[in-house]
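What follows is a set of notes on a single structure, which appears directly below.
Note that ligands are numbered from 1 as they come in the structure, with each ligand's atoms numbered from 1 the same way. Scope of the values below: all heavy atoms of this structure, side chains included, with no hydrogens, waters or symmetry mates.
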Amino acid sequence: MTSAMNLKMQSDNNSKKTDKKLLDVLQGQKTKTPPFWLMRQAGRYLPEYLELRAEAGSFLDLVYNPEFAAEVTLQPIRRFGMDAAILFSDILVIPHALGQHVEFVKGEGPKLNPLSSAEDLKILEQDKIHEILAPIYQTIKNIKSAFVHENLGQTSLIGFAGSPWTVACYMVEGSGSKDFAKTKNWAYSDPNGFDQLIDILVQATASYLIHQIEAGAEVVKLFDSWAGILDEALFERLVIVPTQKIINLVKTEYPDVPVIAFARGAGIQHLNYARHSGASAIAIDQMTPLVWAAENIQPILPVQGNLDPFCLLAGGDTLDRSIKNILDVLQDGPFIFNLGHGIHKDTPPAHVEQLSRIIQNY
Ligand code: 1CP
């Protein structure tokens, strides 16, 4: 049976509605108004985040502090009533837990001691990761108990990890980059060596997500932010195949936990990604045309997206129109409203309120 038929049958059977809109949509159901949350919804545009961030010390100190990390995860939910909270952490905790040096330099972003050949992979150790990541599992437990105490029974908790290709980009380059030239060069020139790195990341990431689910994550998301710089063959080898392996491993333990997959910049490669990755829903960026996504992706899987973060930053009538346009095109099928990428740090919180109002009154 095709995935499209599968999805249609699920809608026809009207699989059980929960009190959580996000979980309903991820089962293939349509909801009257879409569930919404925003990528990087906990972050620097919120004064209450900046306050805790300053108190915590470094960015990684905040990530590994289960009380503070739970608190910043909940801040946007209390203010704006999103349907989902996303664990406050970062994709680079996996290289950190594997033993690579990772730090976040103020104003510059992440800095890692770069890996440049298969020989360098010897420094990576799988057996200590859960000891290092334990505070993050505790954060998840703290968030779930806050849901109970703060009457947030309709909010879902999303856990996440970076996808192997995107995490490898930072591990090899040692920082952000325009084109991740060193990483691509390694992937082309020494496929066996590079695939060893990808395999290490597949194992660590699957195991990390499984532990997040054990701790209480109800949905998990894989972020492949740099998927869009790969040609068709590398997209298959470094994005689709590793994603498929991770999702298989997660589904072996937790077959009912949905996985949202985000391959930023994937364009029409989204089709193969939706068909073959094993994901439960596809998150699209703002470069993906809406009608194309409605006609091509939504018949296969629920779609999440895709307001341009700069449109949210700008606000005003353009924001109203853009949100309504997205809803008009995608709300006919299973749909989760989100941005096409992370929220901009200068976004006025009032614009997020405006967004929340428009969606809830649609
Ligand atoms: O100063 C600060 O407070 C640090 C800013 C910051 C924040 C708020 C970083 C550094 N990471 C985060 C949190 C974060 N990162 C979340 C939290 C949950 C949420 O609210 O959404 C998530 C999901 C991420 C994921 C992440 N980190 C991605 C994938 C998604 C994306 O935005 O593309 C990537 C690529 C990173 C790496 C990273 N971490 C931080 C920065 C500045 C970067 C990007 C570096 C670059 O530009 O290449």
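- Counting only residues at least two apart or in different chains, ring pair (Phe, Tyr, Trp, His ring centres under 6.0 Å) contacts with residues 307-350 comprise Phe310-His344.
- Among residues two or more places apart in sequence or in another chain, the side-chain hydrogen bond (donor to acceptor under 3.5 Å, both in side chains) test is passed with Glu119 by Lys122.
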Show the distances, to 0.1 Å, for all pairs joining an N/O atom of ligand 1 and a protein N/O atom that are shorter than 3.5 Å, listing one pair per line.
residue: ligand 1; atom: 1 (O); partner: Arg53; partner atom: NE; Å: 3.4
residue: ligand 1; atom: 1 (O); partner: Arg53; partner atom: NH2; Å: 3.3
residue: ligand 1; atom: 3 (O); partner: Tyr49; partner atom: OH; Å: 2.5
residue: ligand 1; atom: 3 (O); partner: Arg53; partner atom: NE; Å: 2.9
residue: ligand 1; atom: 11 (N); partner: Asp90; partner atom: OD1; Å: 2.7
residue: ligand 1; atom: 15 (N); partner: Arg40; partner atom: NE; Å: 3.2
residue: ligand 1; atom: 15 (N); partner: Asp90; partner atom: OD1; Å: 3.0
residue: ligand 1; atom: 20 (O); partner: Gln41; partner atom: N; Å: 3.1
residue: ligand 1; atom: 20 (O); partner: Ala42; partner atom: N; Å: 3.3
residue: ligand 1; atom: 21 (O); partner: Arg40; partner atom: N; Å: 2.6
residue: ligand 1; atom: 27 (N); partner: Arg40; partner atom: NH2; Å: 3.2
residue: ligand 1; atom: 27 (N); partner: Asp90; partner atom: OD1; Å: 2.9
residue: ligand 1; atom: 32 (O); partner: Arg40; partner atom: NH2; Å: 3.2
residue: ligand 1; atom: 32 (O); partner: His341; partner atom: NE2; Å: 3.2
residue: ligand 1; atom: 33 (O); partner: Ser225; partner atom: OG; Å: 2.5
residue: ligand 1; atom: 33 (O); partner: His341; partner atom: NE2; Å: 2.7
residue: ligand 1; atom: 39 (N); partner: Asp90; partner atom: OD1; Å: 2.8
residue: ligand 1; atom: 48 (O); partner: Tyr170; partner atom: OH; Å: 2.6

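- You'll find the ring centres of Phe160 and Phe88 outside the 6.0 Å limit.
- Taking a 6.0 Å sphere around CD of Gln244, one finds it holds more than 12 heavy atoms contributed by other residues, nucleotides or ligands.
- Ring centroid separation for the pair Tyr188 and Phe194 does not come in under the 6.0 Å cut-off.
- Phe80 is linked by a ring pair (Phe, Tyr, Trp, His ring centres under 6.0 Å) to nothing, counting only residues two or more places apart in sequence or in another chain.
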